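Here is the structure we will look at, set down as structure tokens.
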Protein chains: 2
Amino acid sequence: MGLTKTEIFTETQNELAQIAKLFAHPARIAILQHLIAVNACICGDLVDEIGLAQPTISQHLKELRKMGLIKGEVDGTRVCYCIDKIQWKNRVDAFKAFLDQDLNLGQECC
Amino acid sequence: MGLTKTEIFTETQNELAQIAKLFAHPARIAILQHLIAVNACICGDLVDEIGLAQPTISQHLKELRKMGLIKGEVDGTRVCYCIDKIQWKNRVDAFKAFLDQDLNLGQECC
DNA sequence: CATATTAATCGCAATAATACGATTAAAAGT
DNA sequence: ACTTTTAATCGTATTATTGCGATTAATATG
């Protein structure tokens with residue numbers, strides 16, 4: 001086995017896990033932090049900034065783009081990447097709703 | 001290769017990724033949702049509720065506990081699990097701080 | 001004390017994710 | 001046209017994760 005049993009979980013559970021997966025690698029955190037800091041940059045800047053090989057950065061960018069967190073605009077031989085702010089808000093709000101659940105803070109558990 | 005290069009990232013980046021990893025599997029989302037819903041329950045309840053084998057649930061519980069999101073209290077042959085509310089708040093607040101970063105919503109990117 | 005209950009751990013098989021060299025593709029510059 | 005620049009893709013090696021059967025450990029019960 002080793003295969004996640006997607007079919008036994010709710011759609012929400014699978015979606016939350018998929019969003020979380022994007023944040024579950026320091027390289028993608030670093031990419032997002034840099035994009036937020038400089039507003040927009042090209043792939044090569046991220047390679048220099050982060051210190052992973054170009055194909056590796058490209059692969060992480062692909063995943064972030066696949067889930068809609070970022071977008072890339074071709075400009076000659078370069079591709080300019082930035083946060084997709086609308087999609088970011090959608091995804092992140094869904095995730096924050098989960099994190100913000102009421103924990104019955106008064107009640108003791110075990 | 002295939003090894004995440006932890007050493008090239010900041011402590012914050014690695015920590016955020018580690019927290020996110022906990023939420024990056026639907027089984028762990030389901031476990032946390034159930035614990036939040038019923039306040040506390042034993043391992044066997046989660047096995048029945050979620051439909052994965054007992055060793056699999058036990059493994060997920062171990063990871064959640066390792067990072068401090070939940071705690072387990074032995075009670076005879078059973079172990080009662082619940083959200084560790086203090087730790088949950090610590091971890092989740094750190095993560096929300098990242099998600100809530102200012103995106104310069106007015107500014108256009110590319 | 002024998003047995004049942006409950007959960008952890010071991011060991012393994014299978015899939016997923018990470019990383020990068022080599023190559024390709026596409027546009028820009030000379 | 002040739003070369004350079006830039007990023008995507010391919011192929012592959014390696015590590016990580018997931019899942020579970022079998023077993024173990026620990027307590028409870030008859």
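A note on names: the letters A, B, ... follow the listed sequences, proteins ahead of strands, and every chain is numbered from 1. Please read all numbers here as calculations on a predicted model, not as lab measurements.
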#### Entry: N/O (side chain, Y81(B)) to phosphate O (OP1/OP2, dT6(C)) under 4.0 Å
no
## Note on the structure
On DNA chain D, more 5' by nearest nucleotide between I57(A) and T6(A) is I57(A)
### Message
Nearest 0.5 Å, please: how far is CD in Q54(A) from CG in L61(A)?
### Response
9.5 Å
### K5(A) side-chain N/O to dC20(D) phosphate OP1/OP2 under 4.0 Å
yes
### Query
For the residue pair F23(A) and F95(A), does the interplanar ring angle fall in the parallel (under 30°), tilted (30 to 60°) or perpendicular (over 60°) class?
tilted
### Query
Between the main-chain N or O of K71(A) and the side-chain N or O of D84(A), is there a donor-acceptor pair closer than 3.5 Å?
no
### Query
Taking for each residue the nucleotide of DNA chain C bearing the nearest heavy atom, is the 5' side occupied by G76(A) or by A53(A)?
A53(A)
### Query
Between OG1 of T10(A) and CD of E15(A), what distance do you get to the nearest 0.5 Å?
8.5 Å
## Note on the structure
Whole-Å distance, L61(A) CG to dA19(C) C1', equals 14 Å
### Query
Between dA25(C) atom P and Q54(A) atom CD, what is the distance in whole Å?
15 Å
### Heavy-atom donor-acceptor pair, Q59(B) side-chain to dA8(C) base, under 3.5 Å
no
### Task
State whether S58(B) places a side-chain N or O below 4.0 Å from either non-bridging phosphate oxygen (OP1 or OP2) of dA8(C).
yes
### Message
As a quick check of understanding, evaluate side-chain contact (heavy atoms from CB on, under 4.5 Å) for N39(A) and C82(A), giving each step before the final call.
### Response
CA-CA 6 Å; N39(A) 199 51; C82(A) 64; over 6 Å; no
### Message
Quick check for you: to the nearest 0.5 Å, what is the distance between L46(B) atom CG and H60(B) atom NE2?
### Response
11.0 Å
### Query
Within this structure, what is the CD-to-P distance between E7(B) and dT18(C), rounded to whole angstrom?
15 Å
### Task
Test side-chain contact (heavy atoms from CB on, under 4.5 Å) on L64(B) and Y81(B) and set out the steps.
CA-CA 11 Å; L64(B) 291 169; Y81(B) 282 100; over 6 Å; no
### Task
Rounded to the nearest angstrom, tell me the gap between atom CG in L64(A) and atom C1' in dA8(D).
15 Å
#### Entry: Atom-to-atom span, CZ of R78(A) to C1' of dA7(D) - whole angstrom
11 Å
### Task
Compare the minimum distances between each of dA26(D), dA27(C), dT18(C) and the side chain of E63(A), then state the nucleotide with the smallest one.
dT18(C)
### Task
Please state how far atom NZ in K62(B) lies from atom C1' in dA16(D), giving the value in whole angstrom units.
15 Å
### Message
Between C1' on dG19(D) and CD1 on I50(B), what's the gap in Å once rounded to a whole number?
### Response
14 Å
### Query
Is the shortest side-chain N/O distance from H60(B) to OP1 or OP2 of dT17(D) below 4.0 Å?
no
### Members of residues 12-28 of chain B that approach DNA chain C, where some heavy atom sits under 4.0 Å away
none
### Query
Distance check: side-chain N/O of T56(B) vs OP1/OP2 of dC20(D), anything under 4.0 Å?
yes
### K89(A) with D93(A): basic N within carboxylate O range, under 4.0 Å
yes
### Query
Rounding to a whole Å, what distance do you find between I29(B):CD1 and dT18(D):C1'?
16 Å
### Message
Quick check: on DNA chain D, is the nucleotide nearest V79(A) upstream (toward 5') of the one nearest G51(B), or the reverse? Name the residue that is more 5'.
### Response
V79(A)
